[in-house]
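Right, one structure below, let's go through it.
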Amino acid sequence: MALHDWNLTPEAAIALQKRLAPSVRREDTLGEVGLIAGMDIGFEQGGETTRAALVLLEWPSLALVEQVVHREPTRMPYVPGLLSFREIPAALGAFAQLSQRPGLIMVDGQGIAHPRRLGIASHLGLWLDLPTIGVGKSRLCGQFGEVPSSKGEWTPLTDRRREEDPSDVSVDARGRVTIGAVLRSREGVKPLFVSPGHRLSLPTAVDWVVRCLGRTKLPEPTRLADRLASRRGEVAASGQLSL
DNA sequence: GCGACAG
DNA sequence: ATCTTGTCGC
């Protein structure tokens, strides 16, 4: 993938998403998943500083083997649909500090469950050329029915077909395509929005999320990254960049 | 034109 | 996302 600038106007960012979306691989091309990463972004000083948190867990023990935090000035405001342009730069800074490469990354946000099928998980996966899964806590787009109540069960998240969708995706009688899964990761709690980021299918994405589930709503990779990105669990972060 | 809208 | 008090439950 050709490198591009992150400071773009909304119009340019949307045009870029449309150009990149066709490159997102939705087939399973996972390698040996020895390490699973979890990524999340937090903000400090009223949003002036962006704080990227990255954790590496060993599979299948899910033991935490490495964690890094990277801080840098916030450049872009939050605009629905353009989240990746605001958060990926900082995420890359955190990745640069990692001493080992993960075989899979779980990102807090959407994968292809995005208006132009290029949510932050897909964009990051494309940039790093690594398998990624979007694990969102709320919906950006798409519709879904009642979510089963048992842990591990899910209902499809569908959306009207778009130009950004591959021509070979299955379209139902109503012209809709499945872009993700609304997963009951824990009983009695709001469901999770799981969608393929890059280099894996929806069934595989759901499988990995379920396999990384503990007793909490979020899978371990995202849960730990979330905790590190926020102030909670004040863990001693390794190699950070101060401002 | 009127809502909806990841983090 | 972040700001915040109390409250319910394992």
Side-chain angles (χ1 to χ4, degrees), chain A residues 6 10-11 13-14 16-17 20-21 24 38-54 69-94 105-127 132-144 147 151 157-160 162 164 176 179-183 185-198 202 205 209 214-219 221-234:
Chain A
W6 294 100
E11 304 69 48
I14 290 175
L16 178 57
Q17 293 182 323
L20 297 177
V24 173
M39 197 282 278
D40 189 30
I41 303 293
F43 295 89
E44 304 174 345
Q45 298 153 35
E48 291 177 21
T49 299
T50 297
R51 170 174 168 143
L54 203 52
V69 169
H70 169 80
R71 292 186 180 77
E72 62 175 50
T74 300
R75 331 180 182 187
M76 317 239 76
Y78 165 67
V79 178
L82 303 181
L83 181 68
S84 63
F85 294 88
R86 170 177 161 86
E87 306 190 340
I88 288 184
L92 296 179
I105 308 170
M106 287 191 193
V107 183
D108 191 309
Q110 314 296 329
I112 62 172
H114 174 280
R116 290 167 292 285
R117 309 294 180 260
L118 195 77
I120 188 171
S122 298
H123 201 162
L124 182 65
L126 218 45
W127 186 279
T132 56
I133 297 174
V135 182
K137 296 185 288 296
S138 62
R139 182 195 72 93
L140 171 59
C141 68
Q143 305 178 341
F144 60 98
V147 186
K151 178 179 179 178
L157 178 65
T158 69
D159 196 15
R160 204 179 70 173
R162 296 186 50 101
E164 292 79 7
R176 304 182 68 78
I179 58 176
V182 186
L183 173 72
S185 57
R186 175 170 186 185
E187 297 184 358
V189 178
K190 295 285 289 180
L192 240 39
F193 292 77
V194 179
S195 60
H198 185 46
L202 177 59
V209 170
R215 307 164 191 165
T216 54
K217 167 181 176 176
L218 297 176
T222 292
R223 185 181 73 78
L224 295 176
D226 204 282
R227 195 182 66 178
L228 186 59
S230 312
R231 233 156 254 297
R232 292 163 285 162
E234 210 59 58

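Reminder, nothing fancy here: chain letters follow the sequence lines and each chain counts from 1.
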Applying a 3.5 angstrom cut-off to the pairing atoms, does DNA chain C sit in any stems of at least three consecutive Watson-Crick or G-U pairs? List them by first number.
none
Given protein heavy atoms under 4.0 Å, the one-letter contact record of nucleotides 4-10 of chain C, with B base, S sugar-phosphate only and - none, is simply -------
Whole-Å distance between C:dA1 P and A:R86 CZ?
11 Å
Please determine whether a side-chain nitrogen of the Lys or Arg among A:E164 and A:R116 lies less than 4.0 Å from a carboxylate oxygen of the Asp or Glu.
no
Starting from the C-alpha separation in whole Å, work towards a yes-or-no answer on side chain to side chain contact (heavy atoms under 4.5 Å, CB included) for A:V24 and A:R117.
CA-CA 9 Å; A:V24 173; A:R117 309 294 180 260; over 6 Å; no
Over how many whole Å does the gap from A:E44 atom CD to C:dT2 atom P extend?
9 Å
NA contact type, A:L192, heavy-atom cut-off 4.0 Å: base, sugar-phosphate, or nothing?
nothing
May I ask you to say what A:G119 touches in the nucleic acid, namely base, sugar-phosphate or nothing, with a heavy-atom cut-off under 4.0 Å?
base
If only atom types and distance count, is the side chain of A:R51 paired as donor or acceptor with the main-chain N or O of A:F43 below 3.5 Å?
no
Check this for me: does any side-chain nitrogen of one of A:K137 and A:D226 sit under 4.0 Å from a carboxylate oxygen of the other?
yes
Would A:Q110 and A:I120 count as a side chain to side chain contact (heavy atoms under 4.5 Å, CB included) here? Give the steps.
CA-CA 6 Å; A:Q110 314 296 329; A:I120 188 171; 6.0 Å; no
Apply side chain to side chain contact (heavy atoms under 4.5 Å, CB included) to residues A:L140 and A:H114 and explain how you reach the verdict.
CA-CA 7 Å; A:L140 171 59; A:H114 174 280; 3.8 Å; yes
Touch class at under 4.0 angstrom, heavy-atom based, for A:G42 against every strand present:
sugar-phosphate
Going 5' to 3' along DNA chain B, between which two nucleotides do contacts with chain A fall, using a heavy-atom cut-off of 4.0 Å?
B:dA4 to B:dG7
Does a side-chain heavy-atom distance below 4.5 Å link A:L82 with A:P10?
yes
Would you kindly give the CD1-to-P distance between A:I120 and C:dA1, to the nearest whole Å?
12 Å
Calculate the interatomic distance between A:R227 atom CZ and C:dT2 atom P; express it in whole Å.
15 Å
Should A:I179 and A:S195 count as side-chain neighbours, where that means a heavy-atom distance under 4.5 Å?
no
Are the side chain of A:Q17 and the backbone N or O of A:G81 linked by a donor-acceptor pair below 3.5 Å?
yes
Check the pair A:L54, A:V69 against side chain to side chain contact (heavy atoms under 4.5 Å, CB included), reporting the backbone distance first and the verdict last.
CA-CA 6 Å; A:L54 203 52; A:V69 169; over 6 Å; no
Please list, chain by chain and in numerical order, all residues satisfying side chain to side chain contact (heavy atoms under 4.5 Å, CB included) with A:R186, sequence neighbours excluded.
A:V189
In whole Å, I'd like the distance from the CD atom of A:Q45 to the P atom of C:dA1.
18 Å
Heavy atoms under 4.0 Å, any strand shown: does A:Y78 hit a base, just sugar-phosphate, or nothing?
base
Quick one: the dot-bracket string of DNA chain B, using Watson-Crick and G-U wobble pairs with both distances under 3.5 Å, [ ] for crossing pairs and | for bases paired to another strand.
.......
Protein-nucleotide distance (A:D40, atom CG; C:dA1, atom C1'), rounded to Å:
9 Å
Could you tell me whether A:R227 and A:D40 have a side-chain N and a carboxylate O separated by less than 4.0 Å?
no
Sorted by chain and number, sequence neighbours left out, ring-ring contact (aromatic ring centres under 6.0 Å, His included) with A:F193 holds for A:F144
For A:W127 and A:H198, what are the C-alpha separation, side-chain angles and deciding distance, and is it a ring-ring contact (aromatic ring centres under 6.0 Å, His included)?
CA-CA 10 Å; A:W127 186 279; A:H198 185 46; over 10 Å; no
